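Just so you know, these numbers come straight off a predicted model, no measurement behind them.
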Amino acid sequence: MKNELIMNRLALAQDYTRLLDDEGYQLIDMNMVEPFRIDDKRHHSSTIIFEKNEQLFSIRSDWTRSLLNYNDNYYLSHRFFGYFGPVVRNYKTFYQAGVELYGPTETDVLGSIDMHLSFIRETYGREFSSIVVNDDKLLDLYIEKYGLPEDIRKLVHEKNLSELQKRLGRTHPLYKLMTAKVSDQITLVNREFGETDIMKFLNHLDEYLRKYGMKFILDLSFRSPQSYYNGFYFQVFLDHDYPLLSGGEYNSSAFGIAVNLSNGGLL
C-alpha cells in the first residue's frame with residue numbers, strides 16, 4: 001500500500017470525525033469481533049463467523065448492523081452516531097465512514113445529507129453529477145391503488161419491461177412510468193401521489209439540494225444492495241459508476257449514511 005493512500009485515509013478520518021464531533025454526533029469505535037446474530041448473516045452473506053468457547057462470534061462486516069445491535073443491547077442515550085473504521089467482507093478489509101440517526105425528524109435527515117455534501121465539496125472540491133432516490137413504499141402505493149399482484153414488484157425491480165407490458169398493457173400508469181425517462185419519473189409519480197408524505201419528503205429533498213446543481217432522479221426500480229433498508233434510499237454520484245454517498249431508512253425509525261472511500265470514492 002502506498003504511503004500516500006495511508007496518509008490520505010488518516011487525514012480524511014481526522015477531518016470527518018472532527019466534523020461529526022463539531023455537529024454533535026457521538027463517535028463510536030467498537031471491537032471488530034462481535035457476538036454473532038443470525039440477522040447479520042441474513043443481511044450480509046459474506047460475514048465471517050467463528051466459534052470460541054462454544055460461543056459464536058463474527059467479524060464486523062457492516063457498521064450499520066453493528067451499531068443497531070449495540071444499541072439494542074445497551075439502549076444508548078444518544079440519537080446521532082458517527083464512525084470511521086474497518087470492516088471485513090469476503091476476507092478483505094475495507095474502510096467505512098458514516099453516520100446513523102435514530103428517531104430522526106425530516107429536518108435531521110435533510111441536514112445530515114446536506115452536511116455530507118457540503119463537507120465533500122468544501123474540503124475536497126468535488127462536484128456531484130446526480131442523486132438517485134427511491135422509497136420502497138411508493139411501489140406499495142401503486143400495487144394498492146391498482147390492485148396489482150405481488151409478483152409485479154419483482155418485475156419492477158428487475159425492470160422487466162416486456163413482461164410488464166404483457167401483464168399490464170401499454171396504457172397502464174405503472175408501465176408508462178417504468179418506460180419513461182428516469183428524469184421524468186418524479187413528475188409522473190407526483191401526479192398520482194404528490195399529496196402523500198413520501199412524495200412531500202422527496203420534493204422537499206429535491207428543493208433542498210438544488211444548490212448543488214446535480215440531477216435529481218427518482219427511479220422506482222432503484223434498490224439498496226443491503227436488505228435492511230425498507231423505505232427511502234438514495235445514492236449520490238460524481239462522474240463514476242460507484243456512488244460516493246449511500247443511505248436510507250431502516251428498522252422503521254432509523255436513518256444511515258455511508259461515505260464511499262474507494263472505487264470512485266474520496267480515496
Compute whether any side-chain donor of one residue and acceptor of the other, for [X] and [Y], lie under 3.5 angstrom apart.
X	Y	value
Asn190	Asn203	yes
Glu192	Tyr146	yes
Asp114	Ser112	no

List the atom of [X], the atom of [Y], and the distance in Å for their closest heavy-atom pair.
X	Y	result
Leu117	Phe128	O-CZ, 3.4 Å
Phe234	Ile131	CD1-CD1, 4.0 Å
Leu220	Gln185	N-OE1, 3.2 Å
Val88	Ser61	O-CB, 3.4 Å
Ser58	Pro35	OG-O, 4.2 Å
Ser221	Met178	CB-CE, 3.9 Å

query = Transitively linked via ILVMFWY side-chain contacts under 4.5 Å: Leu161 with Ile143?
reply =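 In one cluster with Leu161: Ile143, yes.
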request  = Tell me, please, whether Phe193 has Lys137 positioned over its six-membered ring: NZ or CZ under 6.0 Å from the ring centre and within 45 degrees of its axis?
outcome  =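 No, Lys137 does not lie over the aromatic ring of Phe193.
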key: Positive for side chain to side chain contact (heavy atoms under 4.5 Å, CB included) with Met32, one of Ile59, Thr93, Val87   =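 By the side chain to side chain contact (heavy atoms under 4.5 Å, CB included) criterion, Met32 pairs with just one of Ile59, Thr93, Val87: Ile59.
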message = Applying the side chain to side chain contact (heavy atoms under 4.5 Å, CB included) criterion to Met115, which one of Leu19, Leu110, Ile257 satisfies it?
response =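 By the side chain to side chain contact (heavy atoms under 4.5 Å, CB included) criterion, Met115 pairs with just one of Leu19, Leu110, Ile257: Leu19.
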Below 4.5 Å, heavy atoms only, C-beta onward: do [X] and [Y] meet side chain to side chain?
X	Y	value
Lys92	Phe94	yes
Gln235	Ser246	yes
Leu188	Lys176	no
Arg79	Asp108	yes
Asp135	Phe222	no
Val99	Leu20	yes
Val132	Phe237	yes
His157	Arg223	yes

Using a 6.0 Å cut-off, check whether atom [atom1] of [X] has over 12 heavy atoms from anything other than its own residue.
X	atom1	value
Glu195	CD	no
Tyr124	OH	yes
Asp22	CG	yes
Gln55	CD	yes
Lys200	NZ	yes

Can a donor-acceptor pair be found, under 3.5 Å and without considering hydrogens, that links the side chain of [X] to the backbone of [Y]?
X	Y	answer
Asn260	Leu245	no
His172	Leu174	yes
Arg60	Met30	yes
Asn8	Glu4	yes

inquiry  = Can you classify the ring geometry of Tyr16 versus His116 as parallel (below 30°), tilted (30 to 60°) or perpendicular (above 60°)?
reply    =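 It falls in the tilted class, 30° to 60°.
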message = Students often mix this up, so state it plainly: with edges at 30° and 60°, are the rings of Tyr229 and Tyr233 parallel, tilted or perpendicular?
response =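 Because their plane-to-plane angle lies in the 30° to 60° range, the rings of Tyr229 and Tyr233 count as tilted.
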Ring centres under 6.0 Å, that's the criterion: do [X] and [Y] meet it?
X	Y	value
Phe36	Phe57	no
Phe255	Tyr102	no
Tyr25	Phe81	no

Nearest-0.5 Å distance, [atom1] of residue [X] to [atom2] of residue [Y]:
X	Y	atom1	atom2	value
Glu163	Glu158	CD	CD	10.0 Å
Glu150	Leu148	CD	CG	9.5 Å
Tyr142	Leu138	OH	CG	7.5 Å
Leu177	Ile186	CG	CD1	11.5 Å
Leu238	Leu244	CG	CG	4.5 Å
Phe84	Gln14	CZ	CD	11.0 Å

Lys154/Asp151 ion pair, N-O < 4.0 Å =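 So Lys154 does not pair with Asp151 through a salt bridge.
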task = Inspect the contact between Asp206 and Arg210 and indicate whether a charged nitrogen and a carboxylate oxygen are less than 4.0 angstrom apart.
result =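 Yes, this pair counts.
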Test log, rule side-chain hydrogen bond (donor to acceptor under 3.5 Å, both in side chains), inputs Ser253 and Asn251 = CA-CA 6 Å; Ser253 62; Asn251 204 39; 5.2 Å; no
request  = Report the C-alpha separation of Tyr250 and Thr64 in whole Å, then their side-chain angles, then the decisive distance to 0.1 Å, and conclude whether the side chain to side chain contact (heavy atoms under 4.5 Å, CB included) test is met.
outcome  = CA-CA 10 Å; Tyr250 63 94; Thr64 296; 3.6 Å; yes
request  = Test side chain to side chain contact (heavy atoms under 4.5 Å, CB included) on Phe80 and Gln26 and set out the steps.
outcome  = CA-CA 6 Å; Phe80 298 169; Gln26 175 63 50; over 6 Å; no
key: salt bridge (charged side-chain N to carboxylate O under 4.0 Å, His left out) evaluation trace for Asp219 with Lys181   = CA-CA 9 Å; Asp219 183 356; Lys181 294 188 297 184; over 6 Å; no
Residues Leu205, Phe216; criterion side chain to side chain contact (heavy atoms under 4.5 Å, CB included); working and verdict = CA-CA 9 Å; Leu205 179 64; Phe216 189 93; 3.9 Å; yes
ask   = side chain to side chain contact (heavy atoms under 4.5 Å, CB included) between Leu202 and Val133: does it pass, once the steps are laid out?
value = CA-CA 8 Å; Leu202 292 179; Val133 304; 4.1 Å; yes
